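All values derive from a computational prediction rather than experimental measurement. All residue numbers in this chain count up from 1 along the given sequence.
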Amino acid sequence: MPSRKKKVKKKTVKVSPLAALGVSAGLILAIFLVACLWPRGSSSERGSRVPPGTWRYGIDISHNNAGPIVWDSLYVMTDKKRRTVRNPFEANDIKPVSFVVVKATEGASFKDPDFKDNWRQAGLSGIKRGAYHFFRSSKDGEVQARNFISTVGDMRLGDLPPVLDIETIHIGCSKQLLNERALQWLSTVEKHYGKKPVVYASSSFIKDNLSKEISGNYPIWVAHYGKARPSHDIWIWWQFTDKAVVKGVPGPVDLSVMAAD
């Protein structure tokens with residue numbers, strides 16, 4: 001007699017709607033955790049749109065930020081139009097903040113009043129941290145470097161390189177003197193920490209004021225808003241807005257991107 005074939009029961013695998021759309025398990029978990037901690041009906045605040053691309057995100061902060069940072073809850077959430085949003089229920093994508101750069105000093109003597117706390121909290125958070133100095137072209141570069149070094153103190157092996165923020169040139173200061181003083185700061189800080197500092201400046205400031213000795217020899221953190229790509233070609237970080245909405249940071253904040261590994 002012919003043998004009878006046994007009927008094999010097909011297993012039914014349940015797939016969540018988010019997984020069916022190709023959303024990763026990590027993102028599902030992030031959305032779940034953030035949403036659970038977020039009261040329904042809360043802010044629908046929106047910020048600047050993130051440029052197209054696959055990015056890691058970074059913020060820079062100082063005493064000018066509107067309130068305390070929630071260090072264990074720093075996320076960049078974007079909706080379907082890539083706008084940064086405050087409410088996780090409006091988020092299409094959620095990514096953690098990967099790095100934070102904290103203002104330490106300015107000019108020859110100013111020390112950011114929130115630096116010590118921000119620096120310590122950033123270190124405890126596990127997020128990559130860095131410190132920056134706001135440059136004043138009217139002051140001696142080495143004196144400004146000593147202000148930065150004495151304020152920041154020792155850096156950890158995993159900390160980001162020091163950053164020189166160059167945005168202004170004072171009346172009566174020549175481009176040559178600006179660059180000479182900036183190079184004083186850069187060489188002094190590099191010698192002290194054994195790391196080549198990063199130079200932050202806008203695309204136009206780099207083009208109009210910085211020498212090739214600076215723009216061609218130091219890593220560039222470029223600021224250029226409202227564009228799909230910055231006009232300065234070679235950069236490690238790109239600050240594309242000062243009006244982003246980031247969970248964990250009250251009010252608008254500067255947001256930068258770096259290429260994802």
Side-chain angles (χ1 to χ4, degrees), residues 13-103 114 117-130 160 221 223-229 237-261:
V13 180
K14 294 183 178 180
V15 180
S16 72
L18 285 173
L21 292 173
V23 179
S24 70
L27 178 56
I28 294 172
L29 179 60
I31 293 172
F32 175 77
L33 290 174
V34 174
C36 284
L37 297 173
W38 193 272
R40 290 184 179 272
S42 58
S43 172
S44 59
E45 181 185 354
R46 290 178 174 83
S48 298
R49 184 172 295 171
V50 172
T54 304
W55 308 111
R56 293 170 62 194
Y57 295 104
I59 58 173
D60 55 278
I61 59 171
S62 71
H63 69 285
N64 292 314
N65 288 94
I69 310 298
V70 185
W71 288 98
D72 61 354
S73 299
L74 289 174
Y75 291 96
V76 176
M77 302 187 291
T78 52
D79 63 15
K80 292 180 179 179
K81 295 183 178 180
R82 302 195 318 276
R83 294 170 300 186
T84 54
V85 294
R86 184 79 66 188
N87 190 333
F89 294 102
E90 298 176 355
N92 186 61
D93 188 42
I94 298 177
K95 285 188 171 66
V97 170
S98 296
F99 63 98
V100 57
V101 187
V102 182
K103 182 176 182 178
D114 289 347
D117 186 57
N118 284 333
W119 186 245
R120 183 178 66 85
Q121 293 290 349
L124 293 172
S125 72
I127 299 171
K128 283 276 190 181
R129 68 177 184 176
L160 298 171
W221 178 8
H224 200 158
Y225 302 165
K227 300 292 182 181
R229 284 290 187 276
W237 306 328
W238 168 26
Q239 185 188 93
F240 65 91
T241 182
D242 60 352
K243 293 180 173 60
V245 169
V246 173
K247 186 181 185 304
V249 183
V253 65
D254 300 340
L255 187 58
S256 297
V257 293
M258 65 180 296
D261 296 333

Participant: Does any part of the side chain of Tyr57, heavy atoms only, come nearer than 4.5 Å to the side chain of Val257, both counted from C-beta?
Facilitator: yes
Participant: How many angstroms lie between atom CD of Glu90 and atom CE of Met77, to the nearest 0.5 angstrom?
Facilitator: 9.0 Å
Participant: To check you understand the geometry: which heavy-atom pair defines the closest contact between Thr78 and Val50, and what is its length?
Facilitator: CG2-CG2, 3.7 Å
Participant: Within the distance-only criterion (no hydrogens, no angle test), does the side chain of Arg82 pair as donor or acceptor with the backbone N or O of Arg49 below 3.5 angstrom?
Facilitator: no
Participant: Compare every heavy atom of Thr241 with every heavy atom of Ser48, then report the nearest pair and how far apart it is.
Facilitator: OG-OG1, 2.6 Å
Participant: Identify the two heavy atoms, one from Asp114 and one from His63, that lie closest to each other, and give their separation to 0.1 Å.
Facilitator: OD2-CA, 3.2 Å
Participant: Could you walk me through whether Val97 and Val76 pass the side-chain contact (heavy atoms from CB on, under 4.5 Å) test, one step at a time?
Facilitator: CA-CA 6 Å; Val97 170; Val76 176; 4.1 Å; yes
Participant: Could you measure the distance from the CG atom of Asp79 to the CZ atom of Arg83? Nearest 0.5 Å is fine.
Facilitator: 4.0 Å
Participant: Indicate yes or no: at least one non-hydrogen side-chain atom of Tyr75 is less than 4.5 angstrom from one of Pro88.
Facilitator: no
Participant: Evaluate Gln239 against Tyr225 for side-chain contact (heavy atoms from CB on, under 4.5 Å), listing each step before the verdict.
Facilitator: CA-CA 7 Å; Gln239 185 188 93; Tyr225 302 165; 2.5 Å; yes
Participant: So how far is it from Ile59 CD1 to Leu74 CG, rounded to the nearest 0.5 Å?
Facilitator: 5.0 Å
Participant: Please check this pair: side chain of Trp238 against backbone of Arg229, looking for a donor-acceptor N/O pair closer than 3.5 Å.
Facilitator: no
Participant: Between NZ of Lys243 and CG of Asp254, what distance do you get to the nearest 0.5 Å?
Facilitator: 9.5 Å
Participant: Which heavy-atom pair separates Ala228 from Pro51 by the least distance, and what is that distance?
Facilitator: O-CB, 4.2 Å
Participant: Could you tell me which non-hydrogen atom of Leu255 sits nearest to which non-hydrogen atom of Ala244, and how far apart they are?
Facilitator: CB-CB, 3.5 Å
Participant: Could you give the distance from CG (Asn65) to NZ (Lys103), rounded to the nearest 0.5 Å?
Facilitator: 11.0 Å
Participant: Decide yes or no for Thr84 and Val246: does some side-chain heavy atom of the first lie under 4.5 Å from some side-chain heavy atom of the second?
Facilitator: no
Participant: Please walk me through it: do Trp71 and Asn118 pass side-chain contact (heavy atoms from CB on, under 4.5 Å)?
Facilitator: CA-CA 9 Å; Trp71 288 98; Asn118 284 333; 3.9 Å; yes
Participant: For Pro252 and Asp242, work out which heavy atoms get closest and say how close.
Facilitator: CB-O, 4.0 Å
Participant: Measuring from Arg46:CZ to Arg86:CZ, what's the distance to the nearest 0.5 Å?
Facilitator: 12.5 Å
